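Computed from a prediction, not measured in an experiment: that's the story for all the values here. Computed over heavy atoms, backbone and side chain alike; hydrogens, waters and symmetry mates excluded. Order of the sequence lines sets the chain letters (A, B, ...), proteins ahead of strands, with each chain counted from 1.
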Number of protein chains: 4
Amino acid sequence: MSKDRAALQPRKSPVQARSSATVEALHIAAVQVLMREGLGRCTTTRVAVRAGTSVGSLYQYYPNRDALLAAILKRHLDGIADACARVCREQQGRPVSDMASVLVRAFLAAKLRDPEESKALYAVAAERGGAELCAHAQARMAASITDMLASAVDVHFDDPAMTAMIALNAMIGPVRAVLEGMASAGTEDGLEAQLTLLLASFFQAHPRRMTAVSP
Amino acid sequence: MSKDRAALQPRKSPVQARSSATVEALHIAAVQVLMREGLGRCTTTRVAVRAGTSVGSLYQYYPNRDALLAAILKRHLDGIADACARVCREQQGRPVSDMASVLVRAFLAAKLRDPEESKALYAVAAERGGAELCAHAQARMAASITDMLASAVDVHFDDPAMTAMIALNAMIGPVRAVLEGMASAGTEDGLEAQLTLLLASFFQAHPRRMTAVSP
Amino acid sequence: MSKDRAALQPRKSPVQARSSATVEALHIAAVQVLMREGLGRCTTTRVAVRAGTSVGSLYQYYPNRDALLAAILKRHLDGIADACARVCREQQGRPVSDMASVLVRAFLAAKLRDPEESKALYAVAAERGGAELCAHAQARMAASITDMLASAVDVHFDDPAMTAMIALNAMIGPVRAVLEGMASAGTEDGLEAQLTLLLASFFQAHPRRMTAVSP
Amino acid sequence: MSKDRAALQPRKSPVQARSSATVEALHIAAVQVLMREGLGRCTTTRVAVRAGTSVGSLYQYYPNRDALLAAILKRHLDGIADACARVCREQQGRPVSDMASVLVRAFLAAKLRDPEESKALYAVAAERGGAELCAHAQARMAASITDMLASAVDVHFDDPAMTAMIALNAMIGPVRAVLEGMASAGTEDGLEAQLTLLLASFFQAHPRRMTAVSP
DNA sequence: CATGAATGAGTCTTCATTCAT
DNA sequence: GATGAATGAAGACTCATTCAT
């Protein structure tokens with residue numbers, strides 16, 4: 001496992017400006033190729049060419065193709081998990097309905113910032129290396145939500161971790177369906193309203209808390 | 001598109017194909033190879049050998065590798081969509097809480113019948129051809145649920161199609177997370193209880209119906 | 001080590017006539033490419049093309065380039081070691097001068113049967129996998145010679161294994177020099193005469209045996 | 001041939017090159033990389049990094065990779081040939097047994113001064129450019145030995161050049177076997193004793209000289 | 001002058017697909 | 001109809017060499 005992990009680490013941090021630009025170009029190019037051609041045809045050469053560099057340069061920054069894809073996925077997931085953690089911290093001690101609406105809004109904002117990228121990365125997440133990254137991001141997000149739920153003023157959760165995991169993935173599911181084009185949710189606002197309702201009613205289906213939470 | 005569609009059709013008629021022991025063996029073998037080796041190493045030769053035949057025979061039944069994978073995915077999705085359609089029909093005119101529990105139970109039963117297969121097929125679904133099949137299955141399931149919801153005696157849905165789509169994917173999300181090992185839901189019963197609660201409270205968050213539904 | 005060993009094993013034994021011909025062609029082609037282009041440019045594609053096949057076929061019989069080269073080297077070395085073992089057995093109990101002349105003749109006959117091949121394979125022997133094969137062949141030959149020397153009627157060897165190893169490599173050295181074009185030995189007969197003299201005098205420089213060897 | 005020869009020459013004058021600390025570092029680094037990674041992975045970048053410089057600097061001193069390797073090999077061979085020439089000159093007019101023991105001692109001392117280097121360079125010697133260098137060194141050594149033998153007081157050689165070539169390579173063979181790990185010679189002293197015996201008896205197997213050599 | 005990022009030709013290897021047996 | 005050997009296009013990755021900084 002440590003070997004696999006090592007094999008997916010970027011080779012060098014792009015400290016210099018030029019390098020940084022190259023790496024950025026590679027990321028963008030990879031997402032584009034992923035979208036236009038699919039994971040199977042997302043080859044190192046194609047990515048490099050679209051990025052305006054050469055394969056050699058790609059391999060200067062990533063030890064192999066999977067490391068590049070993993071890096072892109074990681075950045076994407078980290079962004080979402082960060083946003084999630086932030087709002088969950090802010091919503092500590094609030095009523096669950098607030099939690100639901102704020103969490104949904106934050107998640108959608110992060111996930112739909114670049115819908116093409118989000119969509120393209122689902123394929124990467126399905127590959128061997130991607131699953132671990134997703135699991136890690138999910139764990140972070142679930143933990144954030146768990147803490148938030150445990151602090152709710154109006155509802156008591158016997159198993160907040162379980163509730164958090166279900167809620168998180170109940171949100172992820174429809175978003176994925178929409179992004180992958182399997183379903184349409186009308187406007188983005190419509191999707192937000194539905195998910196908020198979904199989570200809020202789920203949270204409120206748990207027993208009301210009689211007394212305040214002790215800090 | 002017509003070309004693509006044709007390219008993914010099995011070569012022989014479905015009747016012959018389904019009855020053939022070779023085809024069955026190929027399906028099983030393909031799932032096994034998919035699980036053990038991953039999509040990238042799920043080659044026609046490997047599948048054929050594990051199935052106890054030869055590549056040549058594989059090509060007798062499928063025009064190409066993708067057609068084989070598509071067939072497996074399709075069978076899997078059809079099974080789930082069928083189960084879903086059946087129970088949705090049965091629950092017509094029942095209260096939404098019944099609908100939620102029966103739908104969840106049926107979905108889990110179908111999806112977790114062979115968890116390894118379900119998990120392995122996520123990779124296939126992510127490939128180009130898979131998305132269409134998934135979309136089609138989703139559409140079928142969403143339609144079944146939509147009809148069911150519209151007939152609920154106790155709740156009125158302004159946009160039952162939207163509610164169905166959200167509910168369906170809210171169910172799919174956590175199941176996928178569990179199957180892909182990104183989250184644990186304790187026992188399978190625990191998962192069922194949570195999802196039932198999720199859907200039931202979501203459904204009941206919609207306006208109560210004053211009068212009976214007209215048939 | 002077991003992994004390396006496995007990685008160098010041929011993939012399948014050429015049981016069928018056609019396969020056997022392909023393998024034979026690959027061997028010949030590899031030696032030719034080795035000679036004409038050098039080890040560094042002895043690529044799988046080049047070998048396959050010269051053999052009149054395709055890379056794919058090459059990989060049907062050998063898991064990788066090194067395995068092909070190792071197979072050729074092994075066959076070559078086995079031939080020499082076999083010849084050596086045979087004559088050493090035949091010379092048991094003879095005077096050392098006979099041993100020297102017969103051993104030299106047999107070694108030269110085997111090694112110079114196809115001088116081009118012999119020469120080309122020195123490069124292979126220098127590569128990682130080749131050293132082991134050479135060491136093994138050397139060990140076999142040294143053992144054969146050791147047994148032979150220990151049975152000499154006229155000379156007693158305190159450390160026949162050491163004498164065998166020195167004698168063997170004293171023979172190998174000049175032959176290699178000649179094959180690699182580093183030195184000329186005039187006719188092949190001249191080389192044989194010199195090596196015979198070398199070994200005979202070396203053997204006879206050891207203490208004379210007073211009594212017969214016990215069987 | 002002239003082109004090849006030019007391509008392998010160091011770029012700067014030998015005087016400058018030898019005195020440069022960078023060149024020295026490159027030589028040492030190259031031998032180390034050769035040993036640790038093998039010829040195939042002995043890349044210019046790796047050598048430069050291990051030497052504490054950059055590829056660019058390496059190309060300041062050598063026009064290409066082969067020139068670097070050739071330079072190292074040449075230095076190694078020159079050292080041995082020089083030592084050989086020196087003692088051969090010193091032993092002029094001595095009895096052949098002295099010649100044998102002194103030559104063997106000098107050769108072993110030079111060749112085993114840095115056994116790792118000696119071993120690593122066999123791979124370089126096998127490459128295209130290496131053969132010429134080896135041939136040249138061999139020619140020098142053979143000439144030295146030839147002259148020495150021709151001056152022996154106690155033995156007359158009809159073809160001293162041939163005897164020299166055989167003796168030289170009879171010595172080289174076992175040393176190589178030991179260095180490449182194909183055979184063990186016990187202690188280094190043991191090897192020396194054996195080789196001395198080998199050469200001495202070989203020399204003495206030639207006709208005794210009745211009269212003194214004319215100067 | 002030193003550096004090391006960039007280049008891209010060239011290797012090995014795999015795999016879908018065909019077709020002679 | 002079944003088989004599996006043959007094919008060769010395509011992909012990942014490396015490395016000698018150059019040249020802008």
Original post:
Counting just side-chain N and O atoms, does B:Gln60 come under 4.0 Å of either OP1 or OP2 of F:dA2?
Top reply: yes

Original post:
How long is the line joining CG of B:Leu69 and C1' of E:dA16, in whole Å?
Top reply: 12 Å

**OP:** Identify, with sequence neighbours excluded, every residue that meets side-chain contact (heavy atoms from CB on, under 4.5 Å) alongside D:Ala126.
**Re:** C:Ala126

**OP:** Report yes if the side chains of A:Ile72 and A:Leu121 come closer than 4.5 Å at any heavy-atom pair, otherwise no.
**Re:** yes

Subject >> Sequence-distant partners of B:Lys74, side-chain contact (heavy atoms from CB on, under 4.5 Å), two or more places apart >> reply: B:Asp78, B:Leu133

Original post:
Between C:Tyr59 and E:dT14, is there a side-chain N or O to OP1/OP2 distance below 4.0 Å?
Top reply: no

Subject >> Spacing between B:Glu127 atom CD and E:dA16 atom P, to the nearest angstrom >> reply: 11 Å

Subject >> Close approaches to DNA chain E from residues 30-39 of chain C, in residue order (heavy atom, under 4.0 Å) >> reply: none

Subject >> Any D:Ser54 side-chain N or O less than 4.0 Å from OP1/OP2 of E:dT3 >> reply: yes

Subject >> Counterpart residues, salt bridge (charged side-chain N to carboxylate O under 4.0 Å, His left out), relative to A:Glu127 (two or more places apart) >> reply: none

Below 3.5 Å is the cut-off: list the nitrogen or oxygen pairs between protein and nucleotides 9-11 of chain F, distance only.
unit_1: F:dG11; atom_1: OP1; unit_2: A:Arg46; atom_2: NH2; d: 2.6

Original post:
Applying salt bridge (charged side-chain N to carboxylate O under 4.0 Å, His left out), which residue pairs with at least one partner in residues 41-64 of chain A are found, sequence neighbours left out?
Top reply: A:Glu37-A:Arg41

Original post:
Atom OG1 in B:Thr53, atom OH in B:Tyr61: separation rounded to 0.5 Å?
Top reply: 8.5 Å

**OP:** Using side-chain contact (heavy atoms from CB on, under 4.5 Å) as the criterion, list what pairs up with C:Ala71, not counting sequence neighbours.
**Re:** C:His27, C:Tyr62

**OP:** Calculate the interatomic distance between C:Leu58 atom CG and F:dG8 atom C1'; express it in whole Å.
**Re:** 13 Å

Original post:
Could you write out DNA chain E as a dot-bracket string, with dots for unpaired bases, | for bases paired across to another strand, and Watson-Crick or G-U pairs counted at under 3.5 Å?
Top reply: .||||||||||||||||||||

Subject >> Partner set under side-chain contact (heavy atoms from CB on, under 4.5 Å) for B:Thr44, not counting sequence neighbours >> reply: B:Val55, B:Leu58, B:Tyr59, B:Arg65

Subject >> Full working for side chain to side chain contact (heavy atoms under 4.5 Å, CB included) between A:Ser54 and A:Val49 >> reply: CA-CA 6 Å; A:Ser54 59; A:Val49 167; over 6 Å; no

Subject >> Between P of E:dA5 and OH of A:Tyr62, the distance in whole Å >> reply: 15 Å

**OP:** Starting from the 5' end of DNA chain E, give me the residue, A:Ser57 or C:Asp66, whose nearest nucleotide shows up first.
**Re:** A:Ser57

Original post:
Which residue, C:Thr53 or A:Asn64, contacts DNA chain F at a nucleotide closer to its 5' end, judged by nearest heavy atom?
Top reply: C:Thr53

**OP:** Taking side-chain hydrogen bond (donor to acceptor under 3.5 Å, both in side chains) as the test, write out the residues that go with C:Glu117, two or more places apart.
**Re:** C:His76

Subject >> Which residues share a salt bridge (charged side-chain N to carboxylate O under 4.0 Å, His left out) with A:Arg36, sequence neighbours left out >> reply: none

